[in-house]
Amino acid sequence: MNVEKTGNFPQVQSYNKAQKVQQVKPTLATTGEDHVQISSQAQEMFHKVSQAAVRQEKVTMIKQQIEEGTYKIDTKKIATDISDFWFGKQGESK
């Protein structure tokens, strides 16, 4: 058998075709600048995390005031908020 004539076998020909590398054309023009896009879901999650941090800070501050005995309750504001809620005046300007 002559080893130099392997190009005539179909198995070898298909192997050679599979080994060829095709050039990929870029689909976007490259400007040399990096761009980042953040999905609306990720932005919402970030906003919720930052709100939770602010809320935790407020809770910690109130706990400290309660322990020190310096926490003051605004009973008039509480009564107004309950009244507004009860009579459907939420969100109205005062």
Side-chain angles (χ1 to χ4, degrees):
M1 178 173 178
N2 191 351
V3 183
E4 294 177 14
K5 296 182 182 180
T6 58
N8 294 333
F9 296 106
Q11 295 87 355
V12 175
Q13 289 174 350
S14 63
Y15 176 77
N16 287 338
K17 286 180 185 178
Q19 293 300 316
K20 291 183 182 178
V21 177
Q22 295 178 357
Q23 292 291 331
V24 178
K25 295 179 182 178
T27 57
L28 299 174
T30 56
T31 60
E33 296 179 13
D34 292 334
H35 298 281
V36 176
Q37 290 183 324
I38 300 174
S39 69
S40 59
Q41 286 180 320
Q43 290 175 353
E44 186 177 325
M45 286 172 49
F46 177 75
H47 186 65
K48 285 181 181 179
V49 168
S50 63
Q51 284 179 336
V54 169
R55 184 156 183 83
Q56 183 60 43
E57 184 178 311
K58 186 175 181 179
V59 168
T60 303
M61 183 181 69
I62 291 172
K63 282 182 179 181
Q64 182 180 2
Q65 288 176 351
I66 290 172
E67 288 174 3
E68 294 172 352
T70 59
Y71 182 71
K72 303 292 182 200
I73 299 172
D74 187 356
T75 54
K76 288 185 181 183
K77 181 175 179 348
I78 293 172
T80 302
D81 289 347
I82 290 173
S83 174
D84 290 348
F85 176 79
W86 187 258
F87 295 109
K89 297 180 183 177
Q90 304 136 326
E92 294 180 9
S93 60
K94 296 178 182 180

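Count residues from 1 along the sequence.
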Check: Does I73 belong to the same Ile/Leu/Val/Met/Phe/Trp/Tyr cluster as I82, with side-chain heavy atoms less than 4.5 Å apart forming each link?
Finding: yes
Item checked: Intermediate values then yes/no, side chain to side chain donor-acceptor pair (under 3.5 Å), H47 and Q51 -> CA-CA 6 Å; H47 186 65; Q51 284 179 336; 3.0 Å; yes
Under 3.5 Å, which donor-acceptor pairs link side chains of residues 58-69 to any protein atom two or more places apart or in another chain?
{"residue": "T60", "atom": "OG1", "partner": "Q56", "partner atom": "O", "Å": "2.8"}
{"residue": "T60", "atom": "OG1", "partner": "Q56", "partner atom": "NE2", "Å": "3.4"}
{"residue": "Q64", "atom": "NE2", "partner": "E68", "partner atom": "OE2", "Å": "3.2"}

Margin query: Tell me whether Q43 at atom CD has more than 12 heavy atoms from other residues, nucleotides or ligands lying less than 6.0 Å away.
Written below: yes
Item checked: Connected hydrophobic set around V36, excluding itself, where side chains approach under 4.5 Å -> I38
